[in-house]
Amino acid sequence: MADCILRAKSIPGQVLYSTLRKVINNIFSLERFDNEKLAKYLRCLLKATLSSEPEFPLKVMDDICRLVKQCAGSPKPLPPTEVEWFTTVAFNHGVDLFGAKEDDLSKQWIAHALTLAHYHADGGVLEQELQKRQICLKWDS
């Protein structure tokens with residue numbers, strides 16, 4: 001079902017988001033897969049919704065941030081490469097929105113990136129780098 005949704009053209013963001021979200025939730029409840037697999041499904045959901053209305057990828061990013069925070073202190077955190085990928089995508093998307101003069105959305109994406117970088121298991125290196133780059137952004141609002 002998810003494959004059909006992903007291949008279809010001109011699907012409204014709400015339909016794409018809610019359908020894929022239900023598929024992921026049902027698979028998770030049936031298979032009880034681990035955090036690594038969940039991160040990969042969330043990666044697909046983020047990629048699929050990124051070009052839709054802004055509210056849907058932001059919902060996915062909210063879920064990702066919540067998951068990363070919850071798993072950070074657990075015996076099975078999300079793989080660092082997945083956290084780094086989510087962080088990079090969020091920051092780069094925020095910069096793209098900055099370039100498009102979408103300041104409010106840009107700030108939200110940059111904030112998500114900084115949150116994720118904070119929980120990245122690299123001793124704070126990624127977080128410090130993103131903070132330095134954030135300072136270079138001069139928002140109008």
Side-chain angles (χ1 to χ4, degrees), residues 1-29 31-141:
M1 182 170 163
D3 190 46
C4 292
I5 296 291
L6 290 172
R7 290 176 190 258
K9 293 182 170 81
S10 303
I11 296 215
Q14 172 63 43
V15 173
L16 180 66
Y17 172 78
S18 62
T19 304
L20 291 178
R21 182 71 194 190
K22 285 178 187 174
V23 169
I24 292 169
N25 288 343
N26 286 335
I27 292 172
F28 183 73
S29 67
E31 293 183 17
R32 300 301 301 165
F33 49 77
D34 61 11
N35 289 338
E36 185 172 354
K37 196 168 188 179
L38 179 57
K40 289 181 181 184
Y41 279 112
L42 288 172
R43 180 192 282 226
C44 291
L45 182 57
L46 181 62
K47 287 171 78 172
T49 59
L50 204 53
S51 61
S52 69
E53 298 90 348
E55 68 187 274
F56 303 112
L58 278 171
K59 285 181 181 183
V60 177
M61 192 52 66
D62 287 338
D63 292 339
I64 291 167
C65 286
R66 191 170 27 260
L67 179 66
V68 169
K69 285 180 195 177
Q70 288 173 349
C71 294
S74 75
K76 293 189 176 186
L78 263 67
T81 53
E82 292 294 333
V83 177
E84 186 174 334
W85 186 90
F86 290 131
T87 305
T88 304
V89 167
F91 193 85
N92 288 343
H93 192 63
V95 170
D96 290 345
L97 291 165
F98 171 79
K101 304 289 187 205
E102 295 281 349
D103 290 355
D104 290 337
L105 285 172
S106 174
K107 289 175 187 177
Q108 291 177 61
W109 281 91
I110 297 292
H112 281 307
L114 291 170
T115 297
L116 292 169
H118 178 76
Y119 291 98
H120 187 259
D122 68 347
V125 174
L126 182 58
E127 184 178 19
Q128 290 174 357
E129 182 63 31
L130 294 184
Q131 287 171 344
K132 285 192 297 189
R133 292 174 187 248
Q134 179 197 18
I135 292 170
C136 298
L137 302 175
K138 308 288 186 219
W139 286 286
D140 292 335
S141 54

Q: Would you list the pairs meeting ring pair (Phe, Tyr, Trp, His ring centres under 6.0 Å) in which at least one residue belongs to residues 101-130, sequence neighbours left out?
A: H93-W109
Q: Output every pair passing ring pair (Phe, Tyr, Trp, His ring centres under 6.0 Å) with a member in residues 57-91, not counting sequence neighbours, ordered by first then second residue.
A: none
Q) With sequence neighbours excluded, what pairs up with T81 under the side-chain contact (heavy atoms from CB on, under 4.5 Å) test? A)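 Per chain and number, T81 pairs via side-chain contact (heavy atoms from CB on, under 4.5 Å) with P79.
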To the nearest 0.5 angstrom, please state how far the [atom1] atom of [X] sits from the [atom2] atom of [Y].
X: K40; Y: N35; atom1: NZ; atom2: CG; result: 12.5 Å
X: I110; Y: K107; atom1: CD1; atom2: NZ; result: 11.5 Å
X: L78; Y: L116; atom1: CG; atom2: CG; result: 9.5 Å
X: D96; Y: L105; atom1: CG; atom2: CG; result: 12.0 Å
X: T87; Y: L114; atom1: OG1; atom2: CG; result: 9.0 Å
X: D103; Y: K138; atom1: CG; atom2: NZ; result: 13.0 Å

Under 3.5 Å donor-acceptor pairs involving side-chain atoms of residues 65-76, not counting sequence neighbours:
residue	atom	partner	partner atom	Å
R66	NH2	D63	OD1	2.5
S74	OG	C71	O	2.8
S74	OG	K76	N	3.3
S74	OG	K76	O	3.4

Q.
Quick check against the 3.5 Å criterion: does S106 have a side-chain atom that pairs as donor or acceptor with the backbone of L97?
A.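 A pair under 3.5 Å: no.
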Q) Where do L46 and P57 come nearest, in terms of heavy atoms and distance? A) CD1-O, 3.9 Å
**Q.** All side chain to side chain donor-acceptor pair (under 3.5 Å) counterparts of T115, not counting sequence neighbours
**A.**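 Listed in chain order: nothing, the list is empty.
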Q | All side chain to side chain donor-acceptor pair (under 3.5 Å) counterparts of E82, not counting sequence neighbours | A | R43
